[in-house]
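Heads up, the thing below is written out as structure tokens.
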Amino acid sequence: AALYKGKKVVLVAYTPHAAEEANFIHEIAEETTLVNLTGMDLDLDEGIEEIRDKPLELIGDDRARKLIFEDQEREADGFFFMRDAVPADRLAPGIAMDGPHIKVDAQMRTSLPGIFAAGDLAGQPYQVNVAIGRGQIAGLSAAKYATKKTAEARQKEK
């Protein structure tokens, strides 16, 4: 959202967490519109425009510029889409959880051997720089794990 300071932003939301995101974006953006597809009444800050019309098409050339609805259209500098994701514990049955997040150690190892997690799955803060760092650790740990397993398999063949 920081890239859209003083600009027009449209948030298309299918999740009840949309109000929190819209309110956060509204603190930064000049104009915030929430396309509420949750079917729920959301607690939005004053000044956020709410649309309940169904979006049909996103139009633009080198970037998205306009969202077409059944009954209207909206131009903006940025568009965000929020959808619910599959719960983390359904991605890998039996994996240990820490609340809504996958439990990991400092090397991003999970409770399942050979399975590593990073980014938002591994917990807060939900920041791109944290996700990148965790992703790098998970990637290096996974490579180390695969190298070790390959060496063990070669030893068994001998």
Side-chain angles (χ1 to χ4, degrees), residues 1-5 7 9-29 32-45 48 50-52 54-60 62-65 67 76-158:
L3 297 174
Y4 297 94
K5 183 176 182 174
K7 296 185 179 187
V9 175
V10 173
L11 173 63
V12 180
Y14 298 84
T15 171
H17 301 95
E20 182 180 335
E21 292 297 324
N23 292 338
F24 172 75
I25 290 170
H26 189 60
E27 292 177 12
I28 298 167
T32 305
T33 302
L34 173 70
V35 181
N36 184 351
L37 301 174
T38 68
M40 302 165 50
D41 290 329
L42 300 176
D43 186 21
L44 298 173
D45 289 348
I48 298 175
E50 183 177 13
I51 296 176
R52 292 187 181 239
K54 181 181 177 183
L56 301 175
E57 183 179 7
L58 195 58
I59 295 176
D62 62 333
R63 65 178 177 84
R65 296 187 185 276
L67 187 58
D77 300 300
F79 298 88
F80 294 87
F81 293 83
M82 289 187 63
R83 296 190 75 101
D84 277 334
V86 174
D89 59 344
R90 290 184 48 206
L91 292 173
I95 201 161
M97 300 294 293
D98 182 12
H101 305 105
I102 293 176
K103 187 174 184 174
V104 294
D105 65 11
Q107 282 70 50
M108 302 290 114
R109 292 182 293 229
T110 70
S111 61
L112 301 176
I115 305 293
F116 302 82
D120 293 354
L121 286 172
Q124 295 182 342
Y126 302 138
Q127 297 176 344
V128 70
N129 57 335
V130 173
I132 290 167
R134 288 177 178 164
Q136 183 178 24
I137 292 168
L140 292 170
S141 296
K144 184 177 179 180
Y145 178 86
T147 300
K148 179 181 176 188
K149 287 299 182 183
T150 300
E152 289 173 359
R154 286 186 182 146
Q155 282 293 81
K156 286 182 182 180
E157 290 175 359
K158 290 182 180 182

> Who are the side-chain hydrogen bond (donor to acceptor under 3.5 Å, both in side chains) partners of Asp120, not counting sequence neighbours?
Replying inline: none
>> Among Asn23, Ile25, Leu44, exactly one meets side chain to side chain contact (heavy atoms under 4.5 Å, CB included) together with Leu34. Which residue is that?
In response: Leu44
> If you look at every heavy atom in Arg52 and Met40, which pair is closest and at what distance?
Replying inline: NH2-O, 3.0 Å
>> Testing the basics here: between Pro125 and Arg134, what is the closest heavy-atom pair and its distance to 0.1 Å?
In response: CD-NH2, 4.2 Å
Name each donor-acceptor pair under 3.5 Å that joins a side chain in residues 138-147 to protein atoms two or more places apart or in another chain, with its distance.
from   : atom 1 : to     : atom 2 : distance (Å)
Ser141 : OG     : Gln107 : O      : 2.8
Ser141 : OG     : Ile137 : O      : 2.9
Thr147 : OG1    : Ala143 : O      : 2.9

>> Is it the case that atom CG in Asp43 sees more than 12 heavy atoms from other parts of the structure closer than 6.0 Å?
In response: no
> OG1 of Thr33 to CZ of Phe79: how many Å apart, nearest 0.5 Å?
Replying inline: 9.0 Å
> How would you list all residue pairs meeting side-chain hydrogen bond (donor to acceptor under 3.5 Å, both in side chains) that involve residues 94-104, not counting sequence neighbours?
Replying inline: His101-Tyr126
> So how far is it from Ile59 CD1 to Arg65 CZ, rounded to the nearest 0.5 Å?
Replying inline: 12.0 Å
> Is the number of heavy atoms from other residues, nucleotides or ligands within 6.0 Å of CZ (Arg154) greater than 12?
Replying inline: no
> Glu152 versus Lys148: any side-chain heavy-atom pair under 4.5 Å?
Replying inline: yes
> When rounded to the nearest 0.5 angstrom, what is the spacing between CG in Leu58 and CG in Leu56?
Replying inline: 11.5 Å
> Got a sec, which residues hit salt bridge (charged side-chain N to carboxylate O under 4.0 Å, His left out) with Arg109, two or more places apart in sequence or on another chain?
Replying inline: Asp105
Do any side-chain atoms of residues 9-22 form donor-acceptor pairs under 3.5 angstrom with protein atoms, and if so which ones, sequence neighbours left out?
from  : atom 1 : to    : atom 2 : distance (Å)
Thr15 : OG1    : His17 : N      : 3.4
Thr15 : OG1    : His17 : ND1    : 3.0
Thr15 : OG1    : Asp84 : OD1    : 2.9

> Can you name the side chain to side chain contact (heavy atoms under 4.5 Å, CB included) partners of Ile95, sequence neighbours left out?
Replying inline: Ala92, Met97, Ile102, Thr110, Ser111, Leu112, Ile115
